[in-house]
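Notes to accompany the following structure.
Remember, predicted model here, so these are calculated numbers, not experimental data.
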Amino acid sequence: MFKRDVLSSTSVQRRDFVLSRWTPFGKERQRSKFVIEITSCLILIACVLPHAAYANDLQFEQLEHGFVAMYTQADPFDGDSREYLYFRKNDFTFRCGAVSFERSNTRFSYDSFSFQATIALKVDSQSVHQLQGTYSTHSFGSDIVNDDRVYSADITPDVLNELKHGHQLQAAGKFGGGGWDQYSLDLKGFNLAFSKVCANE
């Protein structure tokens, strides 16, 4: 009798423990803790790995009128050799055949996506160029996990020619039925930056 009572008591305690673990509040606390831990790990990976991968590779060169070029060492045995990747000024980043623009001083939640978007570019009093592009979490349509929100599009030869000879760029983007997000850039120095970064294109 004593042994059975002890077993019964133990069973009740074990059952109560299981039930207390799996009440809705208990499950919510465990789930919240788990989500927080996973989110923290993802943020750490997203922040640390890119810096670790590029800290010794990606370099910056100050150009004229606020433009900055990004490059890597082209020849592993020649520290002065440079392979240019992008050039940037304010909210705009340019490749030789594409443009990205964002609110560079604004941060959002970490995410990963790349949606189709409509991009509009206008240089000075020239006509508006409407292009198909992307709205994504990284430059040039990349969906890498990040806290940015970036519009991007390939630029046509006509647009490129206007950028080289223009003074002011107006850019806008929209996606998913929303309104236009508008941006602007002083193009002073663009032609020099493009000529340097894209000399071999």
Are [X] and [Y] side-chain neighbours, meaning at least one heavy-atom pair lies under 4.5 Å?
| X | Y | value |
| --- | --- | --- |
| L187 | K164 | no |
| F60 | M70 | yes |
| L185 | D91 | no |
| D154 | V99 | no |
| T137 | D148 | no |

Check: [X] side chain, [Y] main-chain N or O, donor-acceptor pair, under 3.5 Å:
| X | Y | result |
| --- | --- | --- |
| S195 | N191 | yes |
| D75 | F77 | yes |
| T118 | Q132 | no |
| T134 | S136 | no |
| S81 | D78 | yes |
| N90 | F92 | no |
| S112 | D143 | yes |

So which of F87, F67, F94 actually passes side chain to side chain contact (heavy atoms under 4.5 Å, CB included) with F194?
->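 Exactly one option meets the side chain to side chain contact (heavy atoms under 4.5 Å, CB included) with F194, and it is F87.
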Can T72 and L85 be said to form a side-chain contact (heavy atoms from CB on, under 4.5 Å), step by step?
-> CA-CA 8 Å; T72 59; L85 305 175; 3.9 Å; yes
Atom pair [atom1] ([X]) and [atom2] ([Y]), whose distance is rounded to the nearest 0.5 Å:
| X | Y | atom1 | atom2 | value |
| --- | --- | --- | --- | --- |
| I119 | I155 | CD1 | CD1 | 12.5 Å |
| F190 | L169 | CZ | CG | 8.5 Å |
| S139 | I144 | OG | CD1 | 10.0 Å |

Hey, would you say the Y135 and F115 ring centroids sit under 6.0 Å apart?
->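 No, they do not, as the ring centres are separated by 6.0 Å or more.
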Is the ring centre of Y86 less than 6.0 Å from the ring centre of F140?
->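 Yes.
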Distance-only polar pair, side chains of [X] and [Y], donor-acceptor under 3.5 Å:
| X | Y | value |
| --- | --- | --- |
| Y84 | E61 | yes |
| S152 | S100 | yes |
| Y151 | D181 | yes |

Kindly check if the number of other-residue, nucleotide or ligand heavy atoms within 6.0 Å of CD (Q168) is above 12?
->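 It does: Q168 CD has more than 12 such atoms within range.
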Where [X] and [Y] come nearest, the two heavy atoms and their spacing:
| X | Y | result |
| --- | --- | --- |
| K89 | K188 | NZ-O, 3.3 Å |
| D124 | G166 | OD2-CA, 3.3 Å |
| G189 | H65 | CA-CD2, 3.7 Å |
| D186 | H167 | OD1-O, 3.4 Å |

